[in-house]
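What you see is a predicted model; the values in this text were computed from it and never measured.
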Amino acid sequence: MASNPPLPSFKIILGSSSVARRHILAEMGYEFEVMTADIDEKSIRREKPEELVMVLAEAKADAIISRIKITDYSEKDAVPTLLLTSDIVVVHEGIIREKPTSKEEARQFLKGYSGDHVSTVGSVVITNLKTGRRYEGLDKAEVYFHDIPDEIIEGLVFWLNFLRLMRGLYSELRVAYC
């Protein structure tokens with residue numbers, strides 16, 4: 001007879017609208033609440049990708065904390081709650097690249113990656129809302145691409161645009177009905 005894993009002795013708030021991050025936590029068997037920071041990420045700039053992703057993840061955490069009633073989480077008998085925020089960028093030829101803002105930019109990015117490599121730099125910030133303690137981490141990876149044929153690039157641009165549109169629709173529906 002299979003037994004269910006014990007419930008964690010803490011709650012989780014995922015400070016992200018990322019479907020991938022939600023999927024990871026759900027696949028690990030965690031229950032969690034989703035809150036988004038709704039910050040203007042483009043207004044926060046740093047030259048070094050490691051600094052940029054860390055300051056963005058911190059800004060997301062700060063924005064979410066500013067909107068919640070923190071005393072609900074910090075009372076003596078409150079269940080510890082962990083707020084997870086993160087950010088990731090791609091670095092290609094020394095230039096920080098964030099999510100493409102248009103189909104043309106996505107196409108340009110993908111053509112530049114063809115037969116080349118990029119680095120990804122990601123950060124995670126975990127804030128214990130009960131204690132106020134914050135833990136931060138960085139991760140870097142190198143990704144190498146084979147030549148990407150134009151028809152594959154066009155297919156990827158189509159799907160990336162479709163996913164962007166679906167994310168926007170999901171956000172609108174969530175605001176309207178939740």
Practice item. Answer whether the closest heavy-atom distance between the side chains of Arg46 and Val53 falls below 4.5 Å. Key: no
Review point. Could you go step by step and tell me if Arg134 and Asp62 meet the side chain to side chain contact (heavy atoms under 4.5 Å, CB included) rule?
Key: CA-CA 11 Å; Arg134 189 171 274 186; Asp62 293 342; 2.9 Å; yes
Exercise for review: Describe, in one word, how the ring planes of His117 and Tyr144 are oriented to each other, choosing from parallel (under 30°), tilted (30 to 60°) and perpendicular (over 60°).
Suggested key: parallel
Review point. Are Val121 and Val55 linked, directly or through other ILVMFWY residues, by side chains that come within less than 4.5 angstrom of each other?
Key: yes
Exercise for review: Decide whether Tyr73 and Leu83 are clustered together by the hydrophobic rule: side chain heavy atoms of Ile, Leu, Val, Met, Phe, Trp, Tyr closer than 4.5 Å, transitively.
Suggested key: yes
Exercise for review: Quick one: pull up CD in Glu98 and CD1 in Ile88 and give me the separation to the nearest 0.5 Å.
Suggested key: 11.5 Å
Practice item. Mind checking the CG-CD spacing from Leu156 to Glu151? Nearest 0.5 Å is all I need. Key: 11.0 Å
Check your understanding: Is the shortest heavy-atom distance from the side chain of Glu93 to the side chain of Asp116 under 4.5 Å?
Key -> yes
**Study point:** Within-4.5 Å side-chain heavy-atom neighbours: Leu129 and Ile68
**Key:** yes
Practice item. State plainly whether the residues Glu105 and Arg97 are in salt-bridge range, i.e. N to O under 4.0 Å. Key: no
Point to revise | Check: Val34 main-chain N/O paired with Thr36 side-chain donor or acceptor under 3.5 Å | key: no
Exercise for review: Side-chain contact test, heavy atoms from C-beta onward, threshold under 4.5 Å: evaluate it for Val143 versus Tyr113 and give yes or no.
Suggested key: no
Practice item. For residues Phe32 and Leu84, determine if any side-chain heavy atom of one lies less than 4.5 Å from a side-chain heavy atom of the other. Key: no
**Study point:** Joint cluster assignment, Ile148 & Val118, ILVMFWY side-chain distance < 4.5 Å
**Key:** yes
Review point. Around atom CD of Glu75, are there more than 12 heavy atoms of other residues, nucleotides or ligands at under 6.0 Å?
Key: yes
Check your understanding: Between atom CG of Leu56 and atom OG1 of Thr85, what is the distance when rounded to the nearest 0.5 Å?
Key -> 10.0 Å
Review point. Which heavy-atom pair separates Arg45 from Lys42 by the least distance, and what is that distance?
Key: NE-O, 3.3 Å
Check your understanding: Distance-only, no hydrogens or angles: does the Arg22 side chain make a donor-acceptor pair with backbone N or O of Ser17 under 3.5 Å?
Key -> yes
Study note, to complete from the structure: Closest non-hydrogen contact found for Ala78 with Lys130 is O-NZ, 2.7 Å
**Study point:** Atom of Val125, atom of Ala57 and distance for their closest heavy-atom approach
**Key:** CG2-CB, 3.6 Å
Review point. If every non-hydrogen atom of Lys60 is compared with every non-hydrogen atom of Ser86, which pair is closest and at what distance?
Key: NZ-O, 2.8 Å
Practice item. Look at Lys11 together with Glu31 and state whether they make a salt bridge at an N to O cut-off of under 4.0 Å. Key: no
Review point. Between Ile39 and Ile44, is any pair of side-chain heavy atoms under 4.5 Å apart?
Key: yes
Revision key, fill the gap. Closest non-hydrogen atoms of Ser16 and Arg21, given as atom of the first, atom of the second and distance, are OG-NH1, 3.3 Å
Check your understanding: Would you say the side chain of Lys111 lies within less than 4.5 Å of the side chain of Asp150, judging by non-hydrogen atoms?
Key -> yes
Practice item. Apply the test salt bridge (Lys or Arg N to Asp or Glu O under 4.0 Å) to residues Lys140 and Glu50: give CA-CA distance (whole Å), side-chain angles for both, the deciding distance (0.1 Å), then the verdict. Key: CA-CA 9 Å; Lys140 296 181 191 178; Glu50 299 84 358; 2.7 Å; yes
Review point. How long is the gap from CE on Met54 to CG on Asp87, to the nearest 0.5 Å?
Key: 10.0 Å
Exercise for review: Can you measure from CD (Glu33) to CD1 (Ile12) and round to the nearest 0.5 angstrom?
Suggested key: 11.5 Å
Check your understanding: Val124 and Val89: same hydrophobic cluster, using ILVMFWY side-chain contacts below 4.5 Å?
Key -> no
**Study point:** CA sep, side-chain torsions, deciding dist, call: Asn128, Phe10, side chain to side chain contact (heavy atoms under 4.5 Å, CB included)
**Key:** CA-CA 10 Å; Asn128 183 324; Phe10 57 88; over 6 Å; no
Revision key, fill the gap. When every non-hydrogen atom of Ser123 is compared with those of Leu138, the smallest separation belongs to CB-CD2, 3.9 Å
Point to revise | Same apolar cluster: Leu160 and Ile153, side chain cutoff 4.5 Å | key: yes
Review point. Is the centre of the His92 ring less than 6.0 Å from the centre of the Phe109 ring?
Key: no
